[in-house]
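Remarks on the structure that follows.
Both counts, for ligands and for their atoms, begin at 1 and track the order of listing. Computed from a predicted structure; not experimentally measured. Along the sequence shown, residues carry numbers from 1.
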Amino acid sequence: MSQFKTLDDLGDISGKVALVRVDLNLPMRDGEVTDATRARAVAPTILELADAGAKVLLLTHFGRPEGQRNSTMSTSLIQRTIQDVLGREVMFISEVSGPVVEQSLAIMRPGDIGLLENTRFWPGEEANDADFARAIAAHGDFYVNDAFSAAHRAHASTEGLAHLLPAYAGRAMQAELEALDKALGHPQRPVAAVVGGAKVSTKMGVLEHLVGRVDHLIIGGGMANTFLAARGIAVGKSLCEHELTGDVAAIMEAADRSGCVVHLPYDVAVAREFAPNPPSLRVCNVHDVAADEMILDIGPQATEALADALKTCRTLVWNGPLGAFETPPFDTATVALARTAAALTREGSLVSVAGGGDTVAALNQAGVTGEFSYVSTAGGAFLEWMEGRELPGVAALRQAD
Ligand code: ADP
Ligand code: MG
């Protein structure tokens, strides 16, 4: 892994202008921010730069305005939230470049923070247009990227700027890259990967990448149903992608070649209706699923076997719940395995890294988010990383001199 620079590599930045890419694409309902997690994640970087005397200009996308100004997606709507999280005043600046930014910088003192308008109001952002990036870069002395969750996009503010200014990873980006490197870049062996959830075909690339790199591949969720079906097991009305039989066979062969153990459940929780605690709920062997039943979770014996496998591992990377965890009791296996992983992490025998929107929700439900070594909220970027793809925003930081 060629290295990237961090805030530790900055010299005296007093009075210098920092252009900082953050992800403040905060979820909103009825004009109110509903979750400030992403703001809290980037606060340490912003405060560190401000406290070192930089004038900090924040860049973020916010919604999908598709290259046009749109008052419902102005970053002015999130100004108050970021102020509250930082405990500092933040000046809203209604442009990303030009005289308005120039005038704002002229009145900002060292340590002041400005929030620029939504980068996606300009088509040059998503087109990664060189002139657009140059116009923004003209205001800054250096660039900091603290938005891992946007790093899978090669946009002007996530990628282009890194080539135009001295570029540094912010603290959240640094923590994410270090955690991901420990999980798959340079992991302690044996390594286990859990892949579950509902997005089966879009996660086949993840399995193809992992099968040659991990020692245990634990398959759950709709992915498990798809694997079972591909092996000729009747899965009834389960969530399943039958057309992936060939892909599954290729992954099983690759696993044999690389000595990777693929864990498929041998018992499952099934029901005829998808509802909380359904009367038709039962646990059975995978060979006994009736035509009118759905597999909604892996079973207790399978869960116990997975816990035993995890106890032999030093590293775990997890994406996708093992069952339909939103509907009880189909969260049973996910919660149990998450708690096993958390306990092993606490004991110091396991490095545990997890990511994915629903995976994070499931870990929250199990009450173990804080006990994993690292939990990524990056969604799409996390999955692309699990597929082994180089993220453009990260690549640009590594290449920067
Ligand atoms: P993530 O967001 O963590 O990447 P996904 O979006 O791929 O995960 O999948 C999460 C969804 O998968 C959850 O809504 C969960 O209910 C569903 N799911 C998991 N197992 C099953 C199953 N056996 N049958 C139906 N849905 C399932
Ligand atoms: Mg999801």
Nearest non-hydrogen protein atom, atom 17 (C) of ligand 1: Ala198 CB, 4.0 Å
Under 3.5 Å: donor-acceptor pair, side chain of Lys5, backbone of Ala167: no
Sub-4.0 Å atoms of ligand 1 with respect to non-hydrogen atoms of Leu296: 23 (N), 24 (N)
Close-contact set for ligand 1 against Asn225 heavy atoms, below 4.0 Å: 23 (N)
Atom CZ of Arg189 with >12 non-hydrogen neighbours under 6.0 angstrom: yes
Proximal ligand 1 atoms for Pro321, defined as those under 4.0 Å from one of its heavy atoms: 8 (O), 10 (C)
Donor-acceptor contact present, side-chain Asn285 to main-chain Asp267, <3.5 Å: no
Ligand-side contact atoms (ligand 1) for residue partner Thr359, heavy atom cut-off under 4.0 Å: 1 (P), 3 (O)
Polar side chain donor-acceptor pair, Arg153 to Thr158, under 3.5 angstrom: no
Charged N-O contact under 4.0 Å between Lys55 and Asp112: no
His61/Glu125 under side chain to side chain donor-acceptor pair (under 3.5 Å): CA gap, chis, key distance, verdict: CA-CA 9 Å; His61 70 288; Glu125 166 69 345; over 6 Å; no
No-hydrogen, no-angle side-chain donor-acceptor test under 3.5 Å, Gln174 and Arg171: yes
Proximal ligand 1 atoms for Lys203, defined as those under 4.0 Å from one of its heavy atoms: 1 (P), 4 (O), 5 (P), 7 (O), 8 (O)
Name of the Asp358 atom (N/O/S only) found closest to the Mg ion (ligand 2): OD2
Contacting atoms of ligand 1, where contact means under 4.0 angstrom from a heavy atom of Ile295: 22 (C), 23 (N), 24 (N)
Protein contact of atom 18 (N) of ligand 1 - nearest heavy atom, named by residue and atom, plus distance: Gly323 O, 3.8 Å
Sub-4.5 Å side-chain heavy-atom contact between Val335 and Asp331: yes
Chi angles and distances behind the salt bridge (Lys or Arg N to Asp or Glu O under 4.0 Å) call for Glu66, Arg64: CA-CA 5 Å; Glu66 316 228 313; Arg64 295 178 179 274; 5.8 Å; no
Which residue and heavy atom of the protein sit nearest atom 1 (P) of ligand 1, plus the separation: Asp358 N, 3.7 Å
Atoms in ligand 1 with a heavy atom of Glu326 nearer than 4.0 Å: 13 (C), 14 (O), 15 (C), 16 (O)
Under 4.0 Å to a heavy atom of Asn319 - the qualifying atoms of ligand 1, by number: 3 (O), 4 (O)
Nearest non-hydrogen protein atom, atom 25 (C) of ligand 1: Leu239 CD2, 3.7 Å
